[in-house]
Amino acid sequence: MDRDSSDEDDDRRNLTYRNDTTRSSFNVEELEPQMRRRSKLTFHKGYLFALVLPLLIVFIYFSTDIRSLFTSDISSFKFNTVSDQIRESQLQALHLLNQQQSSLLSIWNHTFINSNNIRTVQFDDIKATLLTQITLNKHMQQILLSPYNAGDTLQNGTALDPSSAGYGFHRCRKVDQKFSERRTIEWKPRRNKFLFAICLSGQMSNHLICLEKHMFFAAILNRALVIPSSRFDYQYNRVLDIEHINDCIGKKVVVPFEDFMKLKKNHAHIDKFICYFSTPQPCYMDEEHLKKLKSLGISMGKLEAAWKNEDVKNPSRKTVKDVEEKFGSDDDVIAIGDVYFADVERDWVLQPGGPIAHKCKTLIEPSKLILLTAERFIQTFLGSNFIALHFRRHGFLKFCNAKKPSCFYPIPQAADCITRIVERANSPVIYLSTDAAGSETGLLQSMIMLNGKTIPLVKRPPRNSAEKWDALLYRHGLEGDSQVEAMLDKTICAMASVFIGASGSTFTEDILRLRKDWGTASICDEYLCLGENPNFISGEE
């Protein structure tokens, strides 16, 4: 309070000092004549000012260019603005030049040091990187020219668009599958001759590969293939388009189990039950599966082995002739099991489109409902340019650690490998198909960044009635089916611009088959962290 009163006193003293006059008292009589004199003086001064002001304005108008008073300031302002723009452009250009230098040095260090062993994919990377540098150079020129409003025209008239100058190039282009060069066999089933498919090893992906091999066996043996019952195997018609196979061949080559039983009047007999492998267990058949077959109205004789020493851990290579000799028969119904591990005409079976002559891209295709749902999901969440990642974790640690080197990678290493592919593919989003825990995928998401920007990992969300992309599955009672969801995952991955798979996973192998058959396989496809491995999965070296 004392401090405030002291300040107030100082203010008052200042005001008193400024208003101080020589008079010591207020005298009314003395003030009146002075007011009269001041009013007269004020009148004369105002009158004089009114006369002088127009003359002063006229004088200034003719003696001075008023516009010059403002033009100089505006010019100075414009000059300063241009100077700042030039300085900013130069700094940006220097930064881009530094990036260009680093990129060119990286090409030099990683390519020409080992120039004796450059694969097609590496050469494509070189071309793509050089194209990037051309584009970067164009960007620098535009920045340096921007303060002068030069637009996109250079002094030498060179076009700034690399594609218009003949540089058009797609780094992750599609692999030429050369479908016209396929080696095929005609599938012509004999009347009332059937092959009963037995697929018991592994999960759905294994069974689909086994089913595809059974189709090849049926074509070799000129038999129609019987699709197993859902009470004995998976319910294939929920995930596959069975009629699509018949339409592609142009005749009835695949028969659902129910139709087969109608032909046999609900009682069928397997005349020969032949096991492809004898070790460790013939046909993978145990007493429980034998009971299931009998409960379906099927009778059979004794199981017999085609080869005595054929082991699933070390299958020997077989030919079409071997199959004809061991499984050829005039019996009406034969069964062969399990052929998932069979190594018969590998190059023929693994070629794009498969070994059987048909008029479609692929014989084994997801059901129409799954295809449409996959397309709607991509349209809703991903767009046409996306990377698909099959990130296998659960149960994969033990499997991978048995290999040398291991195919199970720590999250930071996996993130580095994925980021490298994102940079090459130039895709803004990644579709994640995984069985990993949220703790792993969360860490993975935080570590996948490119140029300071996070690349989102997109998973299929839980069912939401407000979203319509999965409405077809919901309406047909397929929503929540684990096998349907697995096939949906595969279908989305097969439609991706680039695919990163898990080495040793049959899920990945099934996706790769679809990508080759559909023509979506890219030269940038690879197994996770094995991009430089000579076993490049696109097959193009």
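For the numbers below, each heavy atom of this structure counts, side chains included, while hydrogens, waters and symmetry mates do not. All residue numbers refer to positions in the sequence shown, counting from 1.
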Atom pairs and distances, side-chain donor-acceptor, residues 354-363, under 3.5 Å, sequence neighbours left out:
unit_1: His358; atom_1: ND1; unit_2: Cys360; atom_2: N; d: 3.1
unit_1: His358; atom_1: ND1; unit_2: Cys360; atom_2: O; d: 2.8
unit_1: His358; atom_1: NE2; unit_2: Gly353; atom_2: O; d: 2.8
unit_1: Lys359; atom_1: NZ; unit_2: Asp247; atom_2: O; d: 3.4
unit_1: Thr362; atom_1: OG1; unit_2: Ile364; atom_2: O; d: 3.4
unit_1: Thr362; atom_1: OG1; unit_2: Arg513; atom_2: NH1; d: 3.2
unit_1: Thr362; atom_1: OG1; unit_2: Asp517; atom_2: OD2; d: 2.7

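A donor-acceptor pair is defined here as one N or O able to donate and one able to accept, closer than 3.5 Å; no such pair exists between the side chain of Glu423 and the backbone of Leu450. Counting only distance, with no hydrogens or angles, the side chain of Asp332 and the backbone of Asp271 share no donor-acceptor pair below 3.5 Å. Side chain of Asp510 to main chain of Phe507: no donor-acceptor pair is present (N/O by atom type, distance under 3.5 Å, no hydrogens or angles). The main-chain N or O of Leu528 is never found under 3.5 Å from a side-chain atom of His390 such that the two would form a donor-acceptor pair. Remark: side-chain polar atoms of Asp311 are paired, donor with acceptor, to backbone N or O of Lys313 under 3.5 angstrom. The main-chain N or O of Asp241 is never found under 3.5 Å from a side-chain atom of Glu365 such that the two would form a donor-acceptor pair. Counting only distance, with no hydrogens or angles, the side chain of Asp338 and the backbone of Leu200 share a donor-acceptor pair below 3.5 Å. In this structure, the side chain of Thr454 does not engage the main chain of Ser446 through any donor-acceptor pair within 3.5 Å. Remark: the backbone N or O of Arg183 is paired with a side-chain donor or acceptor of Trp348 at under 3.5 angstrom. With hydrogens and angles ignored, the 3.5 Å screen pairs a side-chain donor or acceptor of Asp322 with a backbone N or O of Thr319.
Partner of Ile227 under the side-chain contact (heavy atoms from CB on, under 4.5 Å) criterion, chosen from Asp233, Leu211, Val255: Leu211. Each of Arg173, Arg515, Lys174, Lys516 was evaluated against Asp525; a single residue qualifies, Arg515, per the salt bridge (charged side-chain N to carboxylate O under 4.0 Å, His left out) test.
Atom CG of Asn464 sits about 10.5 Å away from atom CH2 of Trp469, to the nearest 0.5 Å. Atom NZ of Lys292 is separated from atom OG of Ser229 by 10.0 Å, given to the nearest 0.5 angstrom. Of the inter-residue distances, the one linking Ile511 atom CD1 with Ile500 atom CD1 reads 11.5 Å to the nearest 0.5 angstrom.
A pairwise comparison of heavy atoms in Gln445 and Ile455 identifies NE2-O, 2.9 Å as the closest pair.
Not less than 6.0 angstrom separates the ring centroid of Phe232 from the ring centroid of Phe257. The six-membered or imidazole ring of Tyr276 lies near that of Trp307, with a centre-to-centre distance under 6.0 Å.
Using a 3.5 Å distance cut-off with no hydrogens or angles, the side chains of Thr506 and Asn206 do pair a donor with an acceptor. A donor atom on one side chain and an acceptor atom on the other are found under 3.5 Å apart for Ser316 and Glu310.
Contact check for Gln483 versus Arg238: no side-chain heavy atoms found under the 4.5 Å cut-off.
Residues meeting the salt bridge (Lys or Arg N to Asp or Glu O under 4.0 Å) test with Asp330, sequence neighbours left out: Arg190. Ser329 meets the side-chain hydrogen bond (donor to acceptor under 3.5 Å, both in side chains) test with Asp331; sequence neighbours excluded.
Using a cut-off of 4.0 Å between Lys/Arg side-chain N and Asp/Glu carboxylate O, Asp435 and Arg392 are scored as salt-bridged. Between Arg460 and Asp489 there is a salt bridge, since at least one side-chain N of the basic residue sits less than 4.0 Å from a carboxylate O of the acidic one.
Stacking of Arg463 on the aromatic ring of Tyr474 is recorded, both the 6.0 Å distance cut-off and the 45° axial limit being met.
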